[in-house]
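Quick note: numbers below take in every heavy atom, side chains included, and nothing from hydrogens, waters or symmetry partners. The sequence lines fix the lettering, A, B, ..., with proteins before strands; numbering per chain opens at 1.
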Protein chains: 2
Amino acid sequence: MKEITDPTADGKVPTHVVTYRRLRDMILFGQLAPGQSVTIQGLTSLLNAGMTPVREAIRRLTAEGALEFLGNRRVVVPQLTQSQLDELAHARLSIEPKLAKIAAQYIDDDDIIILKERDLEIDQAIATGDIHRYLLNNYQFHFTLYERAGAPILLSLARMLWLRSGPSLRVVCGRFGTANLPDRHSDTLAALRARDGDQAAAAIAADIEQGIEQVRQSLVVDSI
Amino acid sequence: MKEITDPTADGKVPTHVVTYRRLRDMILFGQLAPGQSVTIQGLTSLLNAGMTPVREAIRRLTAEGALEFLGNRRVVVPQLTQSQLDELAHARLSIEPKLAKIAAQYIDDDDIIILKERDLEIDQAIATGDIHRYLLNNYQFHFTLYERAGAPILLSLARMLWLRSGPSLRVVCGRFGTANLPDRHSDTLAALRARDGDQAAAAIAADIEQGIEQVRQSLVVDSI
DNA sequence: CTTCAGCGTCTTTGATCATATCCTGAGCAA
DNA sequence: TTGCTCAGGATATGATCAAAGACGCTGAAG
């Protein structure tokens, strides 16, 4: 008989994995700002976890580039520079359109329905100015698509790249609002319905370029 | 006054970093075979480290794809499948030629001398059949070049991709020997001397394609 | 009598925590 | 300005708990 009365029960997921996911989501969906410092003991009390799981989560995120090790024993959320943004753009444009192209081969009608729902959520989030909801559904849109490609290595690379751009995206949205976040996903959906891999790749590439451009604008503003 | 009598002194490098590097090098240069399982307690006694540093090193390496988490709590060195090899090829061909191209802009004559020395080491290693020496110098050749690009994000991606292909490379060398490992680095060096980024990128791309092809052959043999 | 399947224990290993030690940087005084 | 001291936080260890695979035992069937 399984204990179901305790809602804090892990089920079967170990604490260090739960801790990793929560910290990752905090980075991905804008709880943590670029430049903000992260302390182990702060996380232990915030996430109600022991020291060891928090340490392991931080190590993992550091390896993925979502956090940065400051030589002395400080850990911060990294701030992107112009040139790093260029690197990100190149890497994302190399990986994600490829994933979209492969995924277009394997995707079925149910998947497209799910993606369509995500897209609607995104539209509503933009309309209501709900940044967190926008970021969450945008992430889900891209990665439910990418997961269909069945390409674990490229997928993990894409995840890493999103982790690096997450905090900056949040800053952009916070600064300019959700109003001028146009929705390039309808192109993607059209391509997927036609099972046109190349066109899906092109739509995703356009989406990425636009997102990067937004962040770039924001960086220019910062550097003044 | 610094203590220099004790060669085991960390200097300033913390244990978990030392442990990470040693484990990483074991994976990269063929101490660990694909499919081999890795235990925490085995590492603690092998590396004379405590539990926490070993755990953190393993977490980091799993995040980088160098180790794989087996659901139940086993950790193993991953075995590449055909399709994962295709993913690796795409990713490496997207990242590393770009790094070479950028690096060609910034490289100076001293760097080229260093690379030339690495190349000589590689030739000797091939001649004497010294697999470990070959792998080590081949890695150094590529990454002393890549480091010159000053592109930390692309560099870390390249490091990850090498970590994934390391164990398989070792198997290939162990099976076919070093004899038919041709040396494509002279093309690279020529391009660098001419400061020709595009040609350097092409040379690196050819090098990668050849390496991947070797592994692919090996996988075909395995699948029979 | 032998063999094999099922089952329970047992050892090995992983996960977590509490604690001790050490490092870093800031504040203070000379 | 320079050196010292101290507090806060990171690092590292070992103990403890839980789980998963390994091993051997029993019992029945051939």
Next on the checklist: If you apply the rule ring-ring contact (aromatic ring centres under 6.0 Å, His included), what do you find for B/Y146 with B/H142, and how did you get there?
Outcome noted: CA-CA 6 Å; B/Y146 297 161; B/H142 281 261; 5.7 Å; yes
Ranking C/dC17, D/dT11, D/dA12 by distance to the side chain of B/P53, first place goes to D/dA12
When rounded to whole Å, the CG to P distance for the pair B/L43 and C/dT12 reads 18 Å
Could a donor-acceptor pair under 3.5 angstrom be found where the side chain of A/Q41 meets the base of D/dG8?
-> no
**Item:** Geometric cation-pi criterion A/R60 and A/Y20, 6.0 Å radius, 45° cone
**Value:** yes
Does C/dC23 have its OP1 or OP2 closer than 4.0 Å to a side-chain nitrogen or oxygen of A/N72? no
To the nearest angstrom, the CD1-P distance between A/I58 and D/dG9 comes to 13 Å
In whole angstroms, the gap separating C1' of D/dT11 from CZ of A/R73 amounts to 6 Å
Atom CD of A/E56 and atom C1' of D/dA10 are separated, to the nearest Å, by 15 Å
The nucleotide from C/dG14, C/dT24, C/dT16 with an atom nearest the side chain of B/I40 is C/dG14
The answer to which of A/M51 and B/F69 contacts DNA chain C further toward the 5' end, by nearest nucleotide, is B/F69
To the nearest angstrom, the CG-P distance between B/L67 and C/dG14 comes to 12 Å
Does a side-chain heavy-atom distance below 4.5 Å link B/R24 with B/L163? yes
A/L70 CG to D/dA10 P, in whole Å, measures 12 Å
request  = Would you classify B/T39 as touching base, sugar-phosphate or nothing, given that sugar-phosphate means primed atoms plus P, OP1 and OP2, and contacts are heavy atoms under 4.0 Å?
outcome  = sugar-phosphate
Indicate whether OP1 or OP2 belonging to C/dA15 is found under 4.0 Å from a side-chain N or O atom of B/R55. yes
A/R74 has its side chain closest, among C/dG25, C/dT19, C/dT16, to C/dG25
Picking from D/dA12, C/dA15, C/dC17, the nucleotide nearest the side-chain atoms of A/T52 would be C/dC17
Judged by nearest nucleotide, the residue sitting upstream toward the 5' end of DNA chain C, B/G42 or A/A49, is B/G42
message = Using modelled atom types and a 3.5 Å cut-off, is there a donor and acceptor pairing between side-chain atoms of B/N137 and backbone atoms of B/R133?
response = yes
Rounded to whole Å, the CG-C1' distance (A/L47 to C/dT16) equals 15 Å
Worksheet item: Taking OP1 and OP2 of D/dT11, is either one under 4.0 Å from a side-chain nitrogen or oxygen of A/R59?
Response: yes
Closer than 3.5 angstrom, by distance alone: can the side chain of A/Q79 be matched with the main-chain N or O of A/G35 as a donor-acceptor pair?
no
To the nearest angstrom, the CG-C1' distance between B/N48 and D/dG14 comes to 16 Å
